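Here the structure is laid out as structure tokens; the discussion comes afterwards.
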Amino acid sequence: MIDIIIFIILLVLGYGFGRLLETSHYRSILRREQAFRGILLIATRTPPPDLIPRKIQLVAGNVVISVDYFKRFLASLRNIFGGRVQSYESLLDRARREAILRMKAEARALGADMVFNIKLETASIYKGHKNTIGAVEVLAYGTACVPHNREA
Amino acid sequence: MEYENPEIPEGINVSREHPLKEFAVLVGGTVALILAIVLILGWLAESIATRIPFSYEQEIAGDIGHDVSDNPAQAAIERELQSLAEGLAKHMQLPPEMRIRVHYVDDDTVNAFATLGGHVIMFRGLLEKMPNENALAMVLAHEIAHVRHRDPIVSLGRGVVVGLALAAITGVSGSNLSDSVFGSAGTLTALSFSRNQERAADTSAVAAVAAHYGHVNGATAVFDLFSRLEAEHPLKPPEFMASHPNSSGRRDGIAEQADLHDWPTEGILTPLPQVLQVSE
């Protein structure tokens, strides 16, 4: 019985804090995405031939986000029924966007206005009991181009 | 060359469904799945378990009760209980190979139960609360009826099969979270004999008591006693309650049986034999 009570408390805490953090994180992501709209992200491997940047440099952004108890429980139930693991979708979406934003922040600090050859890497850095993913790491990296008319 | 990053609309990579809705659907589905498994497998196990020969059941039971006490007083109580049980069993159409063995445990626990292999365990805590032999006979006959109906092996079969199935499911789901939840759900369902089993045991027991004494006076008194104990200790009801719920409902069931078969509800109560009048 005590097990069930602890479980329900953890579930409620997980839901409450998870929801709160996710909402405020998304608010921050949306605000910063607007702020960094000036920096273009290009997936091609090389800059266009007519662009002659003053300087190019590797930029990277890295983030680790943990999943809350509630989401983990939802995902474990999904293992029985199948279907979209909705509780992890927002986790990965947040991590991806946050990593890109951190990379963009680094690019802005250099004075860059474009980042080429964007790559994203994802890793579950902590596998909990019985391989339940506990936290996810997303690394975003690319080549920042600093134009001639801009100073770092 | 012109480059641009158009604004990507929200909600492409993330489902906007409310997580509580998903939670409700998934938990509801899981509970329904477990209930279906417990019901179907439990039913299958029950129908198979009653076909297991009693001699196998005795083998499973193994050494229960072989540690007969050296204490002569305790052995005397056990003998007395055994002879009362055998007297009752004569009226219960037990199959020839089914032997009842009563064991007495000198412990405060207010309980009596039947287990595998025809063993019936009686605790001092319950025996010392028995007002007369008729009440004791009702309790013993009830436990003998469980043996007669093969309830212990049915329970065991149900518990094992359902437990295995749940272990299989939670193993697939791969999470200790679901383990803990479904694990306890499983034990709750396999905790004791079902209400129907209890009722059937009551019916057989009261018939045996009626045949043994010629009346059922004292039989219903057992449940009055339990209801009283329950009321006296609402926070810590006797263990007998946990495994034998709903005393007042069962009391009415017995009264109904007596009515149906015209068993006299009045009659001379037999006092407990001297040796069974125990106290701490």
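Everything numeric in this text was worked out from a predicted model, so none of it was measured. Any value given below was found using the heavy atoms of this structure, including those in side chains, with hydrogens, waters and symmetry copies removed. Throughout, protein chains are lettered first and strands after them, A, B, ... in sequence-line order, and every chain is numbered starting at 1.
B/E17 contributes atom CD, which lies 11.5 Å from atom OG of A/S87 (distance to the nearest 0.5 angstrom).
Side-chain contact between A/L77 and B/E22: absent, with no pair of heavy atoms (C-beta onward) separated by less than 4.5 Å. Looking at heavy atoms from C-beta onward, B/N5 lies out of side-chain contact with A/F36 at the 4.5 angstrom threshold. Counting only heavy atoms from C-beta outward, the side chains of A/K71 and B/P19 never approach each other to under 4.5 Å. Contact check for B/F23 versus A/L11: side-chain heavy atoms found under the 4.5 Å cut-off. Residues A/F73 and B/L26 are not in side-chain contact: their nearest non-hydrogen atoms beyond the backbone lie 4.5 Å or more apart.
At a 4.5 Å heavy-atom cutoff, the contact between B/E7 and chain A is made by backbone and side-chain atoms alike. A/L30 touches chain B through its side chain: at least one heavy atom from C-beta onward sits under 4.5 Å away, while N, CA, C and O do not. Using a 4.5 Å cut-off between heavy atoms, A/R78 contacts chain B through both its backbone and its side chain. Only the side chain of A/I42 has a heavy atom closer than 4.5 Å to any heavy atom of chain B.
Heavy atoms from other residues, nucleotides or ligands lying under 6.0 Å from CD1 of B/I12 number more than 12. Within a 6.0 Å radius of CZ in B/R16, more than 12 heavy atoms belonging to other residues, nucleotides or ligands are found.
Of the possible polar contacts, none joining the A/Q86 side chain to the B/S15 backbone as a donor-acceptor pair under 3.5 Å is found.
Of all heavy-atom pairs spanning B/V14 and A/R84, the tightest one is C-NH2, 4.5 Å.
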For this session: Assess whether side chain to side chain contact (heavy atoms under 4.5 Å, CB included) is satisfied between B/V25 and A/F81, documenting all intermediate values.
Result: CA-CA 11 Å; B/V25 169; A/F81 296 102; over 6 Å; no
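Top candidate by heavy-atom pairs under 4.5 Å with chain B, chosen from A/L92, A/I39, A/L40, A/D93, is A/L40.
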